[in-house]
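First comes the structure, then the notes that go with it.
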Amino acid sequence: MDFNNMTVGEFFEDNDGKELLMELAPHLLKYPLKLFYKKKCGDVFPLITEKGLVSQDTADKIKAAIEEK
């Protein structure tokens, strides 16, 4: 599945997103991410990098890891 079209819920539930975030961006897990489960990753990740919660390099690593699966 394309990362940009995947929902945040699919990212966490179907693609081991929680483990990936624990490795690359553990500080994100303190936020109530379930509020974003119906949003597309392609919409959420630019906001996260724009606000400075995750660097662009880390976001690219997460996206690459998901697309490899």
Side-chain angles (χ1 to χ4, degrees):
M1 175 175 270
D2 181 37
F3 179 78
N4 291 327
N5 292 324
M6 178 188 313
T7 65
V8 175
E10 291 171 337
F11 172 74
F12 279 104
E13 304 299 328
D14 300 336
N15 294 297
D16 300 323
K18 186 173 184 177
E19 290 81 15
L20 191 59
L21 285 184
M22 287 179 75
E23 178 185 329
L24 297 173
H27 60 280
L28 278 182
L29 296 174
K30 69 180 181 181
Y31 296 102
L33 298 174
K34 286 202 175 209
L35 296 174
F36 298 99
Y37 266 34
K38 293 184 180 180
K39 300 276 186 184
K40 302 280 184 189
C41 287
D43 297 333
V44 174
F45 263 71
L47 292 173
I48 290 172
T49 56
E50 185 179 296
K51 299 293 181 184
L53 296 174
V54 175
S55 68
Q56 186 63 46
D57 292 338
T58 303
D60 291 339
K61 288 179 187 176
I62 293 169
K63 182 178 179 180
I66 292 296
E67 289 182 345
E68 284 178 5
K69 291 185 177 186

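Not measured: the values here are computed from a predicted model.
When all heavy atoms of Met6 and Asn15 are compared, the closest pair comes out as SD-ND2, 3.2 Å.
In terms of hydrophobic clustering, with Ile, Leu, Val, Met, Phe, Trp and Tyr side chains grouped at heavy-atom distances under 4.5 Å, Leu47 and Val54 are assigned to different clusters.
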Ignoring hydrogens and angles, write down the donor-acceptor pairs under 3.5 Å from the side chains of residues 33-41, residues two or more places apart or on other chains.
| from | atom 1 | to | atom 2 | distance (Å) |
| --- | --- | --- | --- | --- |
| Tyr37 | OH | Glu13 | OE2 | 3.3 |
| Lys40 | NZ | Asn5 | O | 3.1 |

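The CD1 atom of Ile62 lies 5.5 Å from the CZ atom of Phe11; values are rounded to the nearest 0.5 Å. The distance from atom CG of Leu24 to atom CG of Asp60, rounded to the nearest 0.5 Å, is 11.5 Å. Between atom CG of residue Leu28 and atom CG of residue Leu21 there is a gap of 6.0 Å, rounded to the nearest 0.5 Å. Separation of atoms CD1 (Ile66) and CZ (Phe45) is listed at 8.0 Å; rounding is to 0.5 Å.
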Take Asn4 and Lys63, measure what side-chain contact (heavy atoms from CB on, under 4.5 Å) needs, and give me the verdict at the end. CA-CA 9 Å; Asn4 291 327; Lys63 182 178 179 180; 3.8 Å; yes

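Under the rule for a side chain to side chain donor-acceptor pair (under 3.5 Å), Asp14 has no partner lying at least two apart in sequence or in another chain.
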